[in-house]
Amino acid sequence: MGKLKAIAELFEGRHFDREVIILCVRWYLRFKLSLRDLVEMVAERGLSMAHTTIMRWVQRYAPEFEKRWHRFARAAGRSWRVDETYVKIRGEWRYLYRAVDRAGRTVDFPLSPRRDVAAGAGYSPTPRSCRRR
């Protein structure tokens with residue numbers, strides 16, 4: 001993981017304000033919005049831009065935001081348990097497996113259409129998913 005850049009250096013020379021850039025990238029990564037949806041949302045707030053501008057921002061800033069987030073993500077401890085339940089999601093029943101650490105914090109939570117060894121009993125969080133969500 002590379003060194004983090006200063007905030008002033010990160011947004012230096014950009015045409016739009018950094019709050020607008022952060023908001024667009026965050027909305028794109030967090031919600032299922034298309035780039036054109038974001039252009040419409042920003043246009044409602046009085047800004048005019050092309051969808052390719054937001055695409056470039058996502059390509060440029062998403063890795064940097066991920067680096068900053070990983071600084072605060074804590075790995076799961078050595079001791080964790082798997083909890084299982086059966087939930088109805090959009091009219092379909094699914095098995096929800098939830099990996100919980102010693103303090104009761106959720107480590108990971110996969111959904112499975114069937115209950116089998118691969119879905120739950122043999123479940124082991126990967127190193128990438130061993131971060132608190």
- Nearest non-hydrogen partners of L29 and V58, listed with the distance: CD2-CG1, 4.3 Å
Distance-only check: which donor-acceptor pairs under 3.5 Å involve side-chain atoms of residues 37-44, not counting sequence neighbours?
unit_1, atom_1, unit_2, atom_2, d
D37, OD2, S34, N, 3.4
D37, OD2, S34, OG, 3.2

- Of all heavy-atom pairs between L10 and Y61, which one has the smallest distance, and what is that distance? O-OH, 3.2 Å
- Residues at least two apart in sequence or cross-chain that pass side-chain hydrogen bond (donor to acceptor under 3.5 Å, both in side chains) with Y95, listed by chain then number, are none
- Proximity of W57 and F16 rings by center, below 6.0 Å: yes
- Query: Do the non-hydrogen side-chain atoms of L96 and Y86 ever get within less than 4.5 Å of each other?
  - Reply: no
- Residue R45 excluded, over 12 heavy atoms near CZ under 6.0 Å: yes
- One should read off an interatomic distance between R26 CZ and E19 CD, to the nearest 0.5 angstrom, of 11.5 Å
Taking distance alone, no hydrogens or angles, what donor-acceptor pairs closer than 3.5 Å link side-chain atoms of residues 87-94 to residues at least two apart or in another chain?
unit_1, atom_1, unit_2, atom_2, d
E92, OE1, R94, NH2, 2.7

- Item | pair R60-I21: side-chain heavy atoms closer than 4.5 Å | no
